[in-house]
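Computed over heavy atoms, backbone and side chain alike; hydrogens, waters and symmetry mates excluded. Quick caveat, the model's predicted, so the values are computed rather than measured.
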Amino acid sequence: MYAQLRETAAELAGVLWREHTVYRERGGGVVIRGEHVRRWISLAPTGGKDQALLRAGRILDGGTTAPARTEVVVDLTAPVAELATVCRRMLAEVAAAADAGRGGDVDAGPSRAGRPGKGRKARKEPKAPKAPKAPRASAAGTGRSRHTSAGSWVVLVLVGIAVAAWAYTLFGGPGY
């Protein structure tokens with residue numbers, strides 16, 4: 001399957017872009033990078049015979065790839081010209097989503113199998129800085145102190161008595 005994907009990707013890259021890089025990705029698919037147009041296309045196996053998952057996305061500053069904006073399952077037995085048409089449509093969607101994202105509008109989000117995806121919320125305005133917290137009330141003002149309470153002293157005394165009784169039975173009895 002990889003050989004078929006590689007051949008198809010090489011032909012497709014030659015039709016789409018003069019300058020391109022074709023390489024294998026970790027999942028067994030093939031990626032076509034068009035650095036000059038800042039876009040990428042990926043062909044990945046789907047599990048079906050002669051079918052591939054075609055994804056398209058942007059190349060960000062620094063050369064990293066953004067997540068796929070569009071995905072569609074294509075038939076690899078189709079002519080390369082037909083696959084190129086599908087790729088051009090997907091690349092146009094990626095470009096439109098990138099332009100809409102720069103304009104501050106609602107992001108189109110990824111679309112799957114040619115259907116538009118759910119819109120994402122517009123970016124929120126930065127929050128105003130929080131007011132400094134009021135200092136805590138002093139211990140004297142609330143009627144409680146930060147010292148050990150009477151209940152804690154009772155528990156400590158009872159634990160001490162239990163330890164003393166255990167030690168007495170172990171060491172203090174007659175016949176030791």
Derivation of the side chain to side chain contact (heavy atoms under 4.5 Å, CB included) call for Val37 and His20: CA-CA 10 Å; Val37 291; His20 59 270; over 6 Å; no
Are the side chain of [X] and the backbone of [Y] linked by a donor-acceptor contact shorter than 3.5 Å?
X	Y	value
Arg38	Ile59	yes
Thr8	Leu5	no
Trp40	Arg58	yes

Atom pair OG (Ser42) and CD1 (Ile32), whose distance is rounded to the nearest 0.5 Å: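 It is 8.5 Å, given to the nearest 0.5 Å.
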Full working for side chain to side chain contact (heavy atoms under 4.5 Å, CB included) between Arg24 and Val30: CA-CA 4 Å; Arg24 183 177 181 178; Val30 180; 5.6 Å; no
Is [Y] close to [X] at the side-chain level, that is, under 4.5 Å between some pair of heavy atoms?
X	Y	result
Ile41	Arg55	no
Glu82	Val80	no
Gln4	Asp50	yes
Arg39	Val94	yes

So, for [X] and [Y], which heavy atoms are closest and what is the spacing to 0.1 Å?
X	Y	result
Leu54	Met90	O-CE, 3.2 Å
Leu16	Cys87	CD1-CB, 3.8 Å
Leu91	Ala56	CD2-CB, 4.3 Å
Leu43	Glu25	O-OE2, 4.4 Å
Thr46	Ala52	CG2-C, 3.5 Å

Under-4.0 Å salt bridge between Asp75 and Lys49: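 Result for this pair is no, no salt bridge flagged.
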